[in-house]
Amino acid sequence: QVQLVESGGGLAQAGDSLRLSCAISGSTFSNFVMGWFRQAPGKEREFLASITWNGGVTYYADSVKGRFTISKDNVAHTVSLQMTSLKPEDTAVYFCAAPKKGLRSPTAQAMELMARADATYWGQGTQVSVSS
């Protein structure tokens with residue numbers, strides 16, 4: 001059982017930066033992985049970034065490479081998403097995600113497969129709205 005609580009969403013202007021955080025509680029395990037997804041109205045949930053807990057290896061969707069950075073705090077048990085150069089098209093609900101089993105390589109394909117298989121814990125989501 002894992003509980004995820006996001007924070008940091010809100011209103012921003014184009015070009016601004018915003019940091020999202022996710023507090024993690026409950027059971028953890030070896031090969032623990034965390035990630036971020038987003039979902040805009042009328043669109044499918046989209047993978048953004050992932051990180052392995054032990055090694056800190058990161059993976060990013062092509063759409064956010066160079067703008068978004070995922071990081072973790074082992075002591076605080078949090079994972080963050082630093083977003084820069086925000087665009088109106090970044091407007092969406094952002095979800096913290098934890099696959100229900102360990103993944104050695106949490107690539108976009110692997111993370112999306114876990115999500116489609118209903119094998120992912122989700123936070124409640126936090127709204128990010130970017131105006132021009």
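Around the CD atom of Gln13, the shell of radius 6.0 Å holds no more than 12 heavy atoms that belong to other residues, nucleotides or ligands. Counting non-hydrogen atoms of other residues, nucleotides and ligands closer than 6.0 Å to NZ of Lys101 gives a total of 12 or fewer. Enclosure of atom CG in Asn74 by more than 12 non-hydrogen atoms of other residues, nucleotides or ligands within 6.0 angstrom is indicated. In the displayed structure, Gln3 atom CD is contacted under 6.0 Å by more than 12 heavy atoms of other residues, nucleotides or ligands.
The two residues Tyr94 and Leu48 have their closest heavy-atom pair at CE2-CD1, 3.5 Å. Here the shortest heavy-atom pairing between Thr52 and Pro106 reads CG2-CD, 3.6 Å. Summarising the geometry of Tyr60 relative to Ile70, their closest heavy-atom pair is OH-N, 2.9 Å, with the distance given to 0.1 Å. Between Met111 and Pro99, the shortest heavy-atom contact is SD-CG, 3.7 Å. Between Ala14 and Pro88, the shortest heavy-atom contact is CB-CD, 4.2 Å. Considering every non-hydrogen atom in both Arg19 and Ser71, the closest pair reads NH1-OG, 3.9 Å.
To the nearest 0.5 Å, atom CE of residue Met114 and atom OG1 of residue Thr120 are 5.5 Å apart. Here OG1 of Thr78 is found 4.5 Å from CG of Asp73. Values are rounded to the nearest 0.5 Å. One finds the CZ atom of Phe37 at 4.0 Å from the CH2 atom of Trp122 (value rounded to the nearest 0.5 Å). Here the CH2-OG1 distance, from Trp36 to Thr126, works out to 7.5 Å after rounding to the nearest 0.5 Å. Separation of atoms SG (Cys22) and CZ (Phe95) is listed at 12.0 Å; rounding is to 0.5 Å. Rounded to the nearest 0.5 Å, atoms NZ (Lys72) and OG (Ser80) are 11.5 Å apart.
With hydrophobic clusters built from ILVMFWY side chains whose heavy atoms lie under 4.5 angstrom apart, Leu86 does not share a cluster with Val93. Two different hydrophobic clusters hold Phe47 and Phe68 under the rule that ILVMFWY side chains link at heavy-atom gaps under 4.5 Å. Hydrophobic clustering, with ILVMFWY side chains joined whenever heavy atoms are under 4.5 angstrom apart, keeps Leu20 apart from Val33. Connection of Val64 to Tyr59 is not established within any shared hydrophobic cluster, with ILVMFWY side chains joined at heavy-atom distances below 4.5 Å, either directly or through further cluster members.
The pair Lys87-Asp90 fails the salt-bridge criterion, with no side-chain N (NZ, NE, NH1 or NH2) lying under 4.0 Å from an Asp/Glu carboxylate O.
At distances below 3.5 Å, not a single donor-acceptor pair connects side-chain atoms of Gln1 with backbone N or O atoms of Ser27. The backbone N or O of Val130 lies less than 3.5 Å from a partner atom in the side chain of Thr91, making a donor-acceptor pair. When atom types are taken as modelled, the side chain of Gln39 and the backbone of Lys43 share a donor-acceptor pair closer than 3.5 angstrom. Formation of a donor-acceptor pair under 3.5 Å by the Glu46 side chain with backbone atoms of Arg38 is not found in this model.
Residues Glu6 and Gln124 meet the side-chain proximity criterion, which asks for heavy atoms closer than 4.5 Å. Put simply, the side chain of Cys96 reaches to within 4.5 Å of the side chain of Val79, judged on heavy atoms.
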- Message: Does Ile24 form a side chain to side chain contact (heavy atoms under 4.5 Å, CB included) with Leu4? I'd like the steps, not just the answer.
- Response: CA-CA 5 Å; Ile24 308 160; Leu4 308 173; 4.0 Å; yes
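Ring geometry for Trp53 versus His77: interplanar angle under 30°, hence parallel rather than tilted (30 to 60°).
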